Amino acid sequence: MTQSVVVQVGQCGNQVGCRFWDLALREYASVNKRGLYDEATSSFFRNVDTRKGATCSVGGQIQHLKARAVLVDMEEGVIGQILQGPLRELFDSAQLLTDVSGSGNNWATGHMTYGSVYRELIVDKLRKAAELCDCLQCFFLIHSLGGGTGSGLGTRVLGLLEEEFPGVSRIVTSMYPSAEDDVITSPYNSVLAMRELTEHADCVLPVENQSLIDIVQKIQAVAHGSKPELMVRRDGTVSSGQGGVHEVEKPFDAMNNIVANLLLNMTSSARFEGSLNVDLNEIAMNLVPFPRLHYLVPSLTPLYTLADVNAVPRRLDQMFSDAFSKDNQLIRADPKQSMYLACALMVRGNVHVSDLRRNIERLRPSLPFVSWNQEGWKTGLCSVPPVGHSHSLLALANNTCVKLNFMELKERFIKLYRKKAHLHHFLHVEGMDVGCFTEAASSLNSLIEEYDCLDATKARLTRDPPRLRIAA
């Protein structure tokens with residue numbers, strides 16, 4: 001069994017990470033009734049005997065679980081809340097790095113200033129986390145692009161991961177700001193971070209804040225009988241038009257739970273038994289035909305927040321159809337109008353291989369794949385379903401539709417950069433110059449052009465001739 005380390009950077013990264021650890025513990029508790037420290041639990045947790053100060057081996061009783069994680073933030077607020085909350089025993093000081101002043105929504109401050117000041121300390125914490133793994137397979141980086149610490153220091157950490165652990169997979173979950181984001185410099189931060197993501201990540205799972213808000217609204221509308229007055233406020237709290245709060249979840253918890261479920265489902269077949277297990281290295285190997293085009297569109301079904309964990313189950317065939325619906329995607333895009341380079345389906349629960357193959361054949365005609373990879377499917381079957389559900393499905397699509405999201409981000413960047421608005425805040429940081437902006441914009445342009453070239457092949461796409469049926 002392999003292990004993975006979760007690296008949480010910035011306010012958003014640590015809030016999502018907090019929800020991930022909470023849901024992971026709930027999932028293991030529902031499966032591991034005897035309280036044994038098994039291989040599945042060891043994938044994300046260490047078992048520590050606090051009396052002896054030693055790590056326990058697989059097979060014994062759970063003594064004291066510690067998360068395989070590194071938490072970084074240049075403010076103390078979120079990590080301080082975690083250390084005062086119910087998950088405080090999961091972490092110790094060797095896993096934490098905080099400052100007090102923050103990055104001021106400035107990518108340059110996070111990347112250049114704090115990245116230089118804390119470089120050795122970050123590397124030391126990453127090495128210690130890696131040394132506590134028997135077989136380290138993957139680093140999961142969770143961060144956002146809109147602010148300064150997540151975008152700047154987060155991508156600096158990504159570069160350090162490649163430098164120090166070149167043979168270990170780097171899968172990044174990046175929270176993209178919406179066009180109405182209240183951080184005025186978010187287009188700068190996002191484009192500067194995008195260059196680092198394109199160069200140093202193995203896979204990036206882009207998640208849009210606005211998509212999460214839309215999803216939570218739909219979930220709550222169904223849960224409350226489709227009442228039109230239900231809405232999600234900008235702080236992420238689910239409320240009604242009359243001002244009453246219907247959920248006990250903290251702000252953003254509902255949205256963060258969806259992202260946490262994405263990570264749990266993606267790693268499920270690497271953690272639990274199943275008829276088609278998927279090694280995490282296989283995700284990049286099978287879904288990324290070109291090294292820069294590694295942005296995977298995630299889609300989840302069923303969609304639920306923690307409060308709606310017992311939502312009405314979906315029929316199996318409907319679940320597969322939902323996975324290719326725009327309503328279930330974590331970014332706003334339409335893959336069916338663009339080109340699929342490859343697609344992974346990660347299924348959990350009592351689902352047979354024949355069900356998987358049948359649904360792929362049923363959906364295949366409506367999904368335009370590139371001509372040279374018509375069979376570009378990667379499938380995984382994990383026998384352990386999510387808590388409270390009979391089955392679930394995660395689709396990861398390498399699709400050219402992300403180009404439109406990147407073009408929208410580029411337009412917001414140009415609108416600011418053309419006026420040189422707020423540029424001085426970045427250029428005052430040591431090591432930062434105008435060339436960083438032009439190179440980042442050029443990198444994003446090149447990425448969009450690469451997707452354009454693949455999209456242009458759609459007009460020439462021809463279906464393979466039908467095969468002779470060998471059985472009635």
Side-chain angles (χ1 to χ4, degrees), residues 5-22 24 66-129 139-161 170 172-177 181-183 185-186 189-190 192-193 196-197 207 209 235-236 250-253 255-257 259-260 263 425 429:
V5 174
V6 178
V7 184
Q8 310 166 190
V9 185
Q11 176 179 321
C12 178
N14 280 288
Q15 287 173 333
V16 172
C18 181
R19 303 311 309 143
F20 169 78
W21 294 113
D22 183 39
K66 291 287 186 181
R68 300 188 188 276
V70 175
L71 284 62
V72 180
D73 199 0
M74 294 298 97
E75 295 178 349
E76 296 178 317
V78 174
I79 291 181
Q81 290 172 11
I82 293 173
L83 296 180
Q84 294 172 7
L87 300 179
R88 60 186 176 275
E89 298 299 328
L90 280 181
F91 312 102
D92 57 44
S93 59
Q95 300 171 267
L96 311 176
L97 175 60
T98 60
D99 201 292
V100 294
S101 55
S103 297
N105 295 324
N106 189 323
W107 179 91
T109 302
H111 195 86
M112 304 289 189
T113 304
Y114 288 126
S116 299
V117 170
Y118 289 110
R119 183 189 188 283
E120 295 305 321
L121 198 53
I122 291 170
V123 169
D124 182 61
K125 292 182 183 296
L126 292 172
R127 284 176 180 164
K128 286 179 179 176
F139 284 104
F140 287 97
L141 175 64
I142 309 174
H143 73 139
S144 69
L145 298 189
T149 300
S151 67
L153 188 55
T155 52
R156 184 65 179 263
V157 171
L158 177 62
L160 292 174
L161 290 175
R170 299 172 300 280
V172 185
T173 301
S174 298
M175 308 295 294
Y176 279 69
D181 191 78
D182 55 4
V183 176
T185 55
S186 68
N189 296 330
S190 300
L192 289 163
E196 305 296 318
L197 292 176
V207 178
N209 279 335
D235 66 357
K250 297 176 183 177
F252 294 113
D253 274 1
M255 299 191 301
N256 293 341
N257 281 340
V259 185
L263 297 174
H425 298 301
V429 176

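This is a predicted model, so every value here is computed, not measured.
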Step by step, work out the side-chain contact (heavy atoms from CB on, under 4.5 Å) result for Y176 and N209.
CA-CA 6 Å; Y176 279 69; N209 279 335; over 6 Å; no
Short question: side chain of K125, backbone of L96 - any donor-acceptor pair under 3.5 Å?
yes
Within a strict 4.5 Å, meaning less than it, do heavy atoms of the Y118 and D99 side chains meet?
yes
Would a 4.5 Å heavy-atom cut-off, applied to side chains only, mark I79 and V72 as touching?
no
Report the distance from atom OG of S103 to atom CD of E75, rounding to the nearest 0.5 Å.
7.5 Å
Distance-only polar pair, side chains of T185 and H425, donor-acceptor under 3.5 Å:
no
Side chains of R156 and S116, heavy atoms from C-beta outward: is any pair under 4.5 Å?
yes
Min side-chain heavy-atom separation T109-Y114 under 4.5 Å
yes
Got a second to check how far F20's CZ is from N257's CG, nearest 0.5 Å?
12.5 Å
Are L71 and L97 close enough, and set up right, to give a side-chain contact (heavy atoms from CB on, under 4.5 Å), and what steps lead you there?
CA-CA 6 Å; L71 284 62; L97 175 60; over 6 Å; no
Side chains of L145 and N189 in contact at under 4.5 Å (non-hydrogen atoms):
no
Decide yes or no on side-chain contact (heavy atoms from CB on, under 4.5 Å) for L197 and V172, but give the supporting numbers first.
CA-CA 8 Å; L197 292 176; V172 185; 3.9 Å; yes
side-chain hydrogen bond (donor to acceptor under 3.5 Å, both in side chains) partners of S144, counting only residues at least two apart
none
Tell me which donor-acceptor pairs under 3.5 Å the side chains of residues 87-94 have, and how far apart each pair is, sequence neighbours excluded?
| from | atom 1 | to | atom 2 | distance (Å) |
| --- | --- | --- | --- | --- |
| R88 | NH1 | G85 | O | 2.7 |
| D92 | OD1 | A94 | N | 3.1 |

Only pairs at least two apart or in different chains count here, so list each salt bridge (charged side-chain N to carboxylate O under 4.0 Å, His left out) that has a residue in residues 107-123.
R119-E163
Please determine whether salt bridge (Lys or Arg N to Asp or Glu O under 4.0 Å) holds for the pair D22 and R19, giving the CA-CA distance in whole Å, both sets of side-chain angles, and the decisive distance to 0.1 Å.
CA-CA 5 Å; D22 183 39; R19 303 311 309 143; 2.8 Å; yes
Distance (rounded to the nearest 0.5 Å) between C18 SG and D253 CG
7.5 Å
Which distance, rounded to the nearest 0.5 Å, do you find between the CG of L153 and the CG of L158?
11.5 Å
Please examine the side chains of V70 and Q8, heavy atoms only from C-beta on, and report whether any two atoms are closer than 4.5 Å.
no
Are the side chains of S174 and H143 in touch, meaning some heavy atoms are under 4.5 Å apart?
yes
Side chains of M175 and I142: does their closest heavy-atom pair fall under 4.5 Å?
no
Would you say D181's side chain and P177's backbone share a donor-acceptor pair under 3.5 angstrom?
no
Measuring from Q11:CD to D73:CG, what's the distance to the nearest 0.5 Å?
7.0 Å
Check for a donor-acceptor pair, side chain of E196 on one end and backbone N or O of G152 on the other, with a separation under 3.5 Å.
no
To check you understand the geometry: which heavy-atom pair defines the closest contact between G154 and L141, and what is its length?
O-CD2, 3.5 Å
State the CD-OG1 distance between E76 and T98, to the nearest 0.5 angstrom.
5.0 Å
With side-chain contact (heavy atoms from CB on, under 4.5 Å) as the test, would you mind laying out the steps for W21 and V6 before giving the verdict?
CA-CA 10 Å; W21 294 113; V6 178; 3.7 Å; yes
